[in-house]
Amino acid sequence: MTNRWKSIGLAALLAGLTLSASYAEAAGVLTIGRREDSTTFDPIKTAQNIDNWVFSNVYDVLIRVDKTGTKLEPGLAESWTVSDDGLTYTFKIRDAKFSDGSPLTAEDAAYSLLRIRDDAASLWSDSYKVIDMAVATDARTLTIKLKNPSAPFLSTLALPNASVISKKGMESLGPDAYAEKPIASGAFVVEEWRRGDRVILKKNPNFWQADRVKLDGVEWISVPDDNTRMLNVQAGELDTAIFVPFSRVEELKKDPNLNVDIDASTREDHLLINHAHGALGKKEVRQALDLAIDKKAIVDTVTFGQGTVANSYIPKGALYYYADNLQRPYNPEKAKELLAAAGASDLTLNYLVRAGDEVDEQTAVLVQQQLQKAGITANLQKVDPSQEWDMTVAGDYDISVNYWTNDILDPDQKTTFVLGHDSNNNYLTNYKNEAVKELVAKARLELDPKKREAMYVDLQKMAKDDVNWIDLYYSPYINVSRKNIENFYQNPLGRFFLEDTVKN
């Protein structure tokens, strides 16, 4: 999913410049610099990496994705069985507790799944409507019956947004209070959330793997300016920082006090297009935009060779990725022809840009110049990240660069979110194609791997033909840490394994 969002402002910028007066000076407390502040700790109400990457260590899930990002492993469910007809799943819940000391039971797990399916505020309900019934047959046994067999079902249980929350805690506190200071089922507890500044976590002594956790706590600190964030790590004011600008990688590698970690990812950067805005609703106009953008030039100039040109919404290396998918060549003259035929010559677009994000700003300038060669005027509107996200959600944009990282191993989640007409208007693009919508639902039900792969190949072809958005590039995760930090690692789905991180 994406990672933009509600943040910061002047208070956080000042905090990024002066980080010394901090609880994190205590031994064993890891500080992580990031661009944006969290928006919520209610798992069902966010689709943002900036939230999920934090609460993946505050909550636990029934089934986890392993460190390699390639297979499932037990989480709060220590084992499970599946009926021969593929409709009934029975999970054995391990002996675990919430951070308040109360027992974590199968009833809490059932409640969490029904809540993500049924709550009106859930952003993920479509992926869980396959659940017909979820009940605790006893304190340690969760039984789930599906409406029909579902190939991605086990993978969806590893989604951070399907984390197990306390039924009693949610019902007594209410969703607003719980979202501010949740009862944890994972390795860390939210000690304090200073809005616009930092989230302070402390080790959860009641976590079922508490002996595994080496850190006393973690601070996620908002430092929106990329260069300031890197300087903070170099000066020792931060232990680690994420989202290292491509332009700083080689310089930081030469610093003897630092480690630069380049980890495999499922990240795909793309250009969002608002199909609800005038001429952008025409497929030919969107195809012209695709032809007018030189992706190779963006990869070379912006990513310093760290990225590779993308040709599909499914990232390279992920399940059912179609390597031979169409990749339109850079051809501004052909783009002009398509625009003229569509009655959209002299097209003017509002290009929303996230201020302070070096890569976003560089990309915007390049794309603006490239579009101009096709006769398209792109007016750059630089806004604070929090404002930019609100404007995107409101549809107050024509085009804007965004990115997505997979959250589960199966392609169903992303496909549903960006093509399947879910509650987010196909990830804020207002893209609509009934044939695509039907195939998304059909692919979810197909259990034959070869037939299912063929469906996803067709979906990738259809999305590319329609230009639901413009695929730009794939790139790795690039993070930096001080030499005294060990095992600061992010798997391809983006999860940080802070249970294993050590601060010497």
Side-chain angles (χ1 to χ4, degrees), residues 3-4 7-8 12-13 15-20 22 24-25 28-37 49-50 53-54 56-57 67 69 197-199 201 214-215 217-267 269 302-307 354 356-362 385 403 405 473-504:
N3 180 41
R4 288 219 162 191
S7 82
I8 313 164
L13 179 58
L17 294 172
T18 310
L19 300 173
S20 56
S22 170
E25 290 180 344
V29 177
L30 181 76
T31 53
I32 306 173
R34 57 175 179 166
R35 289 194 189 112
E36 301 91 356
D37 187 19
N49 283 343
I50 207 63
W53 289 357
V54 176
S56 285
N57 288 106
K67 280 192 171 183
D197 178 11
R198 69 192 66 200
V199 171
L201 307 179
K214 308 299 189 296
L215 294 170
V218 179
E219 286 194 11
W220 288 88
I221 302 174
S222 302
V223 185
D225 184 78
D226 287 340
N227 288 320
T228 300
R229 197 165 60 256
M230 297 306 108
L231 289 171
N232 290 153
V233 180
Q234 288 180 294
E237 295 177 344
L238 285 170
D239 296 319
T240 63
I242 63 177
F243 296 112
V244 174
F246 296 112
S247 63
R248 299 293 299 277
V249 171
E250 293 307 315
E251 170 201 343
L252 294 172
K253 281 183 176 180
K254 295 175 183 177
D255 190 323
N257 298 309
L258 303 178
N259 288 320
V260 177
D261 299 310
I262 300 178
D263 297 326
S265 86
T266 54
R267 174 169 174 156
D269 283 65
V302 175
T303 80
F304 289 75
Q306 293 284 351
R354 189 167 65 259
D357 182 333
E358 177 181 308
V359 172
D360 207 40
E361 292 187 354
Q362 288 176 343
Y403 82 88
T405 61
Y473 60 87
Y474 308 123
S475 63
Y477 298 122
I478 308 177
N479 303 316
V480 62
S481 59
R482 303 285 299 178
K483 286 285 189 181
N484 64 316
I485 305 302
E486 297 178 11
N487 300 327
F488 183 66
Y489 172 74
Q490 195 173 13
N491 79 357
L493 302 191
R495 188 186 189 280
F496 288 93
F497 285 76
L498 300 180
E499 308 98 318
D500 302 323
T501 303
V502 178
K503 182 176 179 179
N504 295 313

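All values below were derived from every heavy atom in this structure, side-chain atoms included, with hydrogens, water molecules and symmetry-related copies excluded.
Closest heavy-atom contact between Arg34 and Arg229: N-CD, 3.6 Å. Of all the heavy atoms in Leu30 and Thr501, the pair that sits closest is CD2-CG2, 4.0 Å. When all heavy atoms of Val244 and Leu252 are compared, the closest pair comes out as CG1-CD1, 3.6 Å. The shortest non-hydrogen separation linking Glu358 to Pro245 is OE2-CB, 3.7 Å. What you find for Gly33 and Leu238 is that their closest heavy atoms are CA-CD1, 3.8 Å. The two residues Ile50 and Val54 have their closest heavy-atom pair at O-CG2, 3.5 Å.
The residues Lys67 and Asp500 are annotated as salt-bridged, a charged nitrogen and a carboxylate oxygen being separated by less than 4.0 angstrom.
The side-chain heavy atoms of Tyr477 and Thr266, taken from C-beta on, include a pair separated by under 4.5 Å.
Looking at Asn484 and Lys503, their side chains never bring a donor and an acceptor atom within 3.5 Å of each other.
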Exercise. Does the pair Val29 and Leu201 meet the rule for a side chain to side chain contact (heavy atoms under 4.5 Å, CB included), with working shown?
Worked result: CA-CA 9 Å; Val29 177; Leu201 307 179; over 6 Å; no
For this session: Please assess Phe488 against Asn259 for the test side chain to side chain contact (heavy atoms under 4.5 Å, CB included), listing each intermediate value before the final yes or no.
Result: CA-CA 10 Å; Phe488 183 66; Asn259 288 320; over 6 Å; no
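The aromatic rings of Phe497 and Tyr489 sit tilted relative to each other, their planes meeting at an angle between 30° and 60°.
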